[in-house]
Each structure stands twice: as structure tokens, then as C-alpha cells.
Amino acid sequence: MYLELQKQLAGHLRSVLQSKYSIEIENVPVEIPPDLKFGELATPIALQLARTLRKAPKVIAQEIVEALGTLPGFAGFEVAGAGYINARLDRTAGVRAVVDGDGHSLDMQDHVLVEHTSINPNKAAHIGHLRNAILGDTFVRLLRAAGNQVDVQNYIDNTGVQVADVVVGFLHLEGKSLAEVRRLLEELKTSGERVDYYCWDLYARTSQWYEQGSAEENAERKKFRYATLHEIEQGGNETAEVADLISTAVLRRHLETMLRLDIEYDFLPRESEILHLKFWDVAFEQLKQTGVLYFETEGKNKGCWVMRRPGAEIAEGELDEDAKVIVRSNGTVTYVGKDIAYHLWKFGLLGRDFGYKKFFKYPDHECWISTEHGEAEHPHFGGATAIYNVIDSRQSDPQANVIQALRGMGHTAQADHYTHFSYEMVALTPRCAVDLGYTVSDEDLSRPYIEVSGRKGFGVKADDLIDKLIAATREEVEKRQTSREEAERQKIAEQVAIGALRYFMLKFTRNSVIAFDFKDALSFEGETGPYAQYAAVRIRNIFRKGGTTPKAELARLAEIDELESYLSGEENEDIWALWLRAGRRSLVLDQAIGASEPAYLAKHVFQLAQEFNNFYHKHHILTEEDPAKKTFLLATAAVALRELMMVLGWLGIETPEAM
RNA sequence: GCGCCCGUAGCUCAGCUGGAUAGAGCGACUGACUACGAAUCAGUAGGCCGGAGGUUCGAAUCCUUCCGGGCGCACCA
């Protein structure tokens, strides 16, 4: 409702300015005033025009108001303050518009590819990965809600140094053979133990092992590490087979962990196929032909194929020592090079495709994985018109390099629709680290937060946190839902726990570091997911007890002609404010997508819940004696419930039946 | 040294891409359950928006500079 009215008013203002002053303004600013006493929409345009028109802002505002005339949905316009033009809505029409829904105002229809999660498959997922996956998954839901077709990808670096390290752990530290590794995986499976947890410890041990020995020993160990990495990259040997067994088992665990949070993927492209299907060879040719890459013959990068960094200002023919190496002097390609090839594929510019096979079954769809020789029948991935990469802010330089390469190759439209959806890390507060039993140095103790590290085995594992949250919500549910069945109580506890976790990861804007603390994450009061869930549950209780349904009450509302008396007057301002908030959904969605900021919707749903709770205490619905007013109050609750459920759904949070 | 991010109430964070009196949650203190269940609500206290300049009718928001913190700048991935 709000988004349409805002667009209508802006458009109308634009034509008025054009005809009255012959001024062209692309986007006339129309904002929501800080207080309802200033109306529902306002524009400071007269203040802006004062200088060019050489008139007092108030005079201009008055002239514009006179020229505006009437507009459907609006009750009137007035001049206020130093020269603001405030718009007042036709409240009855506003309520009707909100009841009719708010979902058709965005119609984006792009083919979008979102990559998120992308955890190295060599250890358990931790809270940092949770932030990534929850941000990514939520953004996918928002893009879909706006009408886009979205493919969700989780990139799997199954041939990297991190996998190599855990393989070194199995083969060397534990001295296991391929058969023994296979047997271990079987044993863990039957005993119900988590493989990724096993690897978490082994990976940390291996990382330490590289540094524990004498200088000579360490050099040998590192050599072994790179030999292992090389064998994995090559493929077709026992080491590679061990790597594949482990990384695949860990990957399955990651998918299970994420599924607990309702996070699903469509396709898992793996680095092994990018290597074996020679994506790089094709990209290399294109990069050479377009002159993005050039062969360096002098300086420290002599013998390498390099590219200029974004923003580099080097005169033609001069040595650029700062250039980014893409192909090393030994002929091997760097990570950025492989990433360029992969991103050409994402936009359908590579001219080569993965093989596809089914990998993981979700209740309502299949998740595919890359392979060399895949199934004949498979969906089409890649070839997107816009992409979002959910990757933490530390990788902004390499991401910028990839974008630069695309632009340099002449793919400017693609480069413009390449978004590095960056976010800050999740760290632990020193107190939290101490509570978890880690030894913390004095230096770290004085810091505001300590970075999580998989290599050091330092952090909170995702499944541990989820388990802990469910245990905590279980306790609360036991206190309140004594008459419900065990399975029902468990379900409620899970829904509330997941709601708390997802909301916690979404309430912060992306570039704010989250200093993780169990006290905050396990909180179910105040600005939390459960707060919003509780408001929705309250509304369900009202309808249950009142023996009616939202649908019936909204139908009944349509038959009442006169709503103005319920919407005007001092004592009804808060009800009107609640309706207005409900009508803001697509406006906020539009802003959230534009800014790549899911936190806007988290804030919105909280404010909606807050305004409803306020309304709930002030107006007792079921004892209302005037039947028309009772219908209006019930309709208000119905719309609040609909909005809460829909927006919570976008955040990946379910609304429990009771709590 | 270069680049990016951050500094707003005791704590944790919002502040809609320059607008009207700077907001919320937590914590503290007061109060509200024989009502649609209090995982709730009402109220009080608490801020020179890191400092200093500038642009503007108008700055927490834009520019410059300084201070303080974080993260990047490999022929690692």
C-alpha cells in the first residue's frame, strides 16, 4: 500500500513541477514523516527548490499544494514547518488497500543466482558459517518474494588446502589406509556420531602439527601437505579418493545442519569439476584475447600472467609491480583465476558446462551436484542475469578482481549486476571464550572480541548452538504447555529456537561485527524472533477463543461502510499506525533488496509485533460490545497476523501454533 | 605505506542513500496478571552522535583532517 501511494505521489509531484515550473526532477523525494501529526507521507521538495526558484519555500509549497488538486487515496495536502508538504491519506481507503494485500507491487522477474554457505568440507560448520547461510538464505527468500527466479548455489572447495590438511591428518597423524578411513566413516554413521565433529578436532591437530616440530621436521611436514594437495587436485589416486570420501561425508553433514534451519540449495558446484572439466583453459583464452591478462617479462612478477587491479593508475608500457598474478611462473593458475572462470560460467559466458547428478533429497525438491559425466536429464544452472555472492568482507579484494576481469573482458552489464554481498565476521567475546574452556591470552582478554578460527579449532559449532537453543526453549515450553503432547512440545521448541537463532543473525546490519555471547543468543525477550512469534501466537489465540477466523472477519469488514470513526481521533491513532505499518511490507522489501540488507525486514517485523502488542493491551477485542467495532478490531488482528507470518516466513521463521 | 569497514545512551545496535523534537532492545529503578496466557505492557533515569574544520536553507548522514579500533593488501585458498 505504502509503496504504491509513494510512487503515485512522487509521479504526480513530478508532473506538477514539470507543468508549473518546467523543472525535471527524476526522483522527487517522498518520505515517511517522523510523526503521524505530519501526515502519512511528506516531501521537502519546496525546500530544495527555494534556491533555483528564488522564492520562499513556504510560498513554493503553497503553490504546489494548490496545483496538486486531488489524488485517489489521499485526503489532502498541506504546508507545514519551514516548507514541507504533508500528505494525509484517506484512511478508509488505506485500510481497504491493506486488506486487499500488498504483494503485487514488486515484479522483478530476473534470473538471479545466489551463492552462499560455501564452507570448506573439512570440519564442522561454526557460528560464522551460520551468519553466512542465514543471510544468504533469507536474501534468497526476499528475492523470490519480489518475483525473481532464484538459483541457490553452495560452492564446494573439495580440492583445496583445507581438505588436504584433514586428509594429512587421517593418512599421516592417524596412519589410516583408504579402507580404514572408509570403515571409520561407517562406524561413525552407525553410532550416530558427527563426522564433521571428528574432523573439527583432527583438522585443528593437523594444523598444530605443522608447527610443532623442529624447523627441519616442519619443512618436511609442509612438503607432505603440498604433495597431498597436488594428488587431490590431480585425482585418480588413493589420496584423492580419501579426500573425496571425507569431503562428501562432511558436506552431507553441512546440508543436514543447514536443513535444521530450513536452508536448502539447488546446486553444489565443486572445484574438482572446475579443474577436471578445464574451465580455466577456456577462460584463459578469453582473458588473453581481450587483453585483460598480459605476460609480465620484468620485475618481481616476471614469467607470470597478470592483470591490473581495479583503480590502478599505471601509464602505458610502465611496469606494474602491484598487478595481480593469475597464472604463476610455473604455469599453475591461482584461486582468483579459477574464480574468474567460474563466474564466467555463472553468467553463461564460458561456453562450457558442468555435468550434473542428484545428490541430496529435500522434501519438495532435489539438490544437484557437479560431476564430470552427469545424468542426461538435469535442470539448467548458470546463465544468470544477476548474481549475489555471500562472502565475508575479508574477501572483498579478490571479489573486486573478478569483477574487474569481467568488466575488462567487455562484460560490463554482468559486472554491474555482480554483487559481493559482504558481511562482517562473527567473533566471540573474551568472556564467552573463557566460558567455553579455551585458554585466552592476556592480549585477547583485553580485546572487544576474538576471531573464530577453524584452523585453531576455536569457535562455537553450529549444531552445538542449535542443540543448546532447543534445550533452552524446551525448558520454557515445558513450563507453559503442560497439556500438549510430547511431539507437539518438541516442535514448538524447535520453531522458537530456530526463530531466535535466525533473528539473532539477521537483526544486525551486514557490516557490523557480531561479538557472540550465549547470553544474547539465548535470549527470547525484547528484540528477538520469539517476540514476534509470540505476537502472532497471541492473535491465533484470540481467533481460537473467539470461535472465528481471520478470513471470516476480513469478509465481514468489507460489508461495513463507515470505518472513519474507528480510525480517527486521539485514542485510535495507534490502530491507524498499526494498519500503516502493515501496509509497509513491500516498501521495506524493496528497500531491503536495493540495499542487500535483510536486517530492514527484521526491524520491520519487530516493530509490527511491538505495535500489535501495544494495541493488544489497549483494546480488549473479544469483550467489545459494538459488533461493528469488534469486527474492525478482529480485522486489525487478522491483518497483523497475516503480515507477521508472511514477513517471518521471508526471514525463514515459522509461526508456532502455541508457545 | 596503500585500500575498505567501524566509532551514536552503562551494554548491544537502528537511524529509511541530506530533512521536522536523535530511536529500540538489554541492564537499572517504579508499576500492571479473577481479562484475548506477562516469552507481554506502561512509566522514569540515561546522548556535545569520537575530536576539529568545511559544504548546505538544513549534517549522526556528504567532504577534509586528526584520534581510537577492526580487516585486507602472496607466484595461499
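Model, not experiment: these values are computed from the prediction.
For V477(A), whose side chain is taken as the heavy atoms from C-beta onward, the closest listed nucleotide among rA77(B), rU56(B), rA39(B) is rA39(B). Checking rA20(B), rC75(B), rC6(B) against the side-chain heavy atoms of T334(A) singles out rC75(B) as nearest. Proximity note for N511(A) (side chain, C-beta onward) versus rA20(B), rC13(B), rC6(B): the nearest is rC6(B). Side chain of V325(A), nearest nucleotide from rA20(B), rG15(B), rC75(B): rC75(B). In the set rG37(B), rA39(B), rG72(B), the nucleotide with an atom closest to the side chain of D397(A) is rG72(B). Checking rC16(B), rC75(B), rA39(B) against the side-chain heavy atoms of E476(A) singles out rA39(B) as nearest. Picking from rA20(B), rA39(B), rG70(B) the nucleotide with the shortest atom distance to the side chain of P34(A) gives rA20(B). With rG37(B), rA77(B), rC41(B) as the candidates, the nucleotide lying closest to the side chain of R480(A) is rG37(B).
Separation of the C1' atoms belonging to rU30(B) and rU21(B) is 26 Å when rounded to the nearest angstrom. Look at the P atom in both rC67(B) and rG51(B): the space between them is 15 Å, to the nearest Å. For rG15(B) and rC71(B), the P atoms lie 23 Å apart once the distance is rounded to whole Å. Annotation: rG72(B) and rU12(B) have their C1' atoms spaced 26 Å apart (nearest Å). Atom P of rA38(B) sits at a distance of 15 Å from the matching atom of rA32(B), rounded to the whole Å. Taking atom C1' on both rC49(B) and rA9(B), the two are 10 Å apart, rounded to the nearest angstrom. Taking atom C1' in both rG58(B) and rC6(B), the straight-line distance is 26 Å, to the nearest Å. One C1' atom belongs to rC48(B), the other to rA59(B), and the distance between them is 14 Å to the nearest Å.
For rA77(B), its base never sits under 3.5 Å from the side chain of D165(A) at any donor and acceptor pair. The base of rC75(B) sits within donor-acceptor range of the side chain of S329(A), with an N or O pair under 3.5 Å.
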Base, backbone or nothing for each nucleotide of nucleotides 22-36 of chain B, written B, S, -, heavy atoms under 4.0 angstrom, 5' to 3'? --SSS--------SB
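Counting non-hydrogen atoms under 4.0 angstrom, Y531(A) reaches the backbone sugars and phosphates but no base. Nucleic acid contact class of V496(A) (heavy atoms, under 4.0 Å, all strands): base. Residue contacts for N614(A): at a heavy-atom cut-off of 4.0 Å it reaches the sugar-phosphate backbone alone, with no base atom in range. Counting non-hydrogen atoms under 4.0 angstrom, K302(A) reaches a base of the nucleic acid. Residue-level contact check: E296(A) touches neither bases nor backbone, having no heavy atom under 4.0 Å from any strand. Within the nucleic acid shown, V30(A) has no heavy atom closer than 4.0 Å to any nucleic acid atom. Nucleic acid contact class of R309(A) (heavy atoms, under 4.0 Å, all strands): sugar-phosphate only. Counting non-hydrogen atoms under 4.0 angstrom, F508(A) reaches the backbone sugars and phosphates but no base. Within the nucleic acid shown, A637(A) has no heavy atom closer than 4.0 Å to any nucleic acid atom. At the heavy-atom level, N122(A) lies nowhere under 4.0 Å from the strands shown.
Looking at R584(A), K618(A), R581(A) one by one, the single match for salt bridge (charged side-chain N to carboxylate O under 4.0 Å, His left out) with E611(A) turns out to be R581(A). Of the options R489(A), E478(A), Q490(A), a side-chain contact (heavy atoms from CB on, under 4.5 Å) to R484(A) is made by R489(A) and by none of the others.
Using bins of under 30°, 30° to 60° and over 60° for the plane-to-plane angle, the ring pair F615(A)/F612(A) lands in the tilted bin.
Using modelled atom types, one finds no donor on one side chain facing an acceptor on the other under 3.5 Å when comparing Q404(A) with R309(A). Side chain to side chain, Y2(A) and R585(A) fail the donor-acceptor criterion of an N or O pair below 3.5 Å. Remark: the R544(A) side chain and the N541(A) side chain contain an N/O donor-acceptor pair separated by less than 3.5 Å. For the 3.5 Å distance criterion, the side chains of T159(A) and E271(A) qualify, holding a donor opposite an acceptor. Under the 3.5 Å distance criterion, with hydrogens and angles disregarded, a donor-acceptor pair is assigned to the side chains of Q399(A) and N389(A). A side-chain donor-acceptor contact under 3.5 Å links Y423(A) and N132(A). A donor-acceptor contact under 3.5 angstrom links the side chains of Y210(A) and D165(A), judged on distance only.
Within the structure, every side-chain polar atom (N or O) of N120(A) is placed at least 4.0 Å from both OP1 and OP2 of rA77(B). Residue Y534(A) places at least one side-chain N or O closer than 4.0 Å to OP1 or OP2 of rA39(B). A close approach under 4.0 Å does not occur between any side-chain nitrogen or oxygen of N613(A) and OP1 or OP2 of rU40(B). Under 4.0 angstrom from either OP1 or OP2 of rC75(B) there lies no side-chain N or O belonging to N330(A).
Atom OH of Y2(A) is separated from atom P of rC16(B) by 16 Å (rounded to the nearest Å). With rounding to whole Å, M659(A) atom CE is found 12 Å from rA38(B) atom C1'. Distance CZ (R540(A)) to C1' (rG37(B)): 16 Å, rounded to an integer number of Å. Rounded to a whole Å, the CD1 atom of I326(A) is 10 Å from the P atom of rC75(B). In this structure, CD1 of I450(A) is placed 12 Å from P of rG70(B), rounded to the nearest angstrom. The NZ atom of K37(A) sits 7 Å away from the C1' atom of rU21(B) (whole-angstrom rounding). One can place CD of E271(A) at 9 Å from P of rA77(B), the figure rounded to the nearest angstrom. The nearest whole Å value for the distance from the OH atom in Y449(A) to the C1' atom in rG69(B) is 7 Å.
If you look at F224(A) and Y226(A), their ring centroids are not closer than 6.0 Å.
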Reading 5' to 3' and counting Watson-Crick or G-U wobble pairs with both distances under 3.5 Å, write the dot-bracket notation for RNA chain B, | for bases paired outside the strand. (((((.(..((((.....[...)))).(((((.......))))).....(((((..]....)))))).)))))....
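Regarding the sugar-base torsion, rC33(B) falls in the syn class, its angle being within 90° of 0.
Heavy-atom contacts from other residues, nucleotides or ligands closer than 6.0 Å to NE2 of H230(A) number 12 or fewer.
A salt bridge between K491(A) and E488(A) is absent, with no side-chain N of the basic residue lying under 4.0 Å from a carboxylate O of the acidic one.
Evaluation of the ring pair (Phe, Tyr, Trp, His ring centres under 6.0 Å) rule for F606(A) yields Y531(A) as partners, not counting sequence neighbours.
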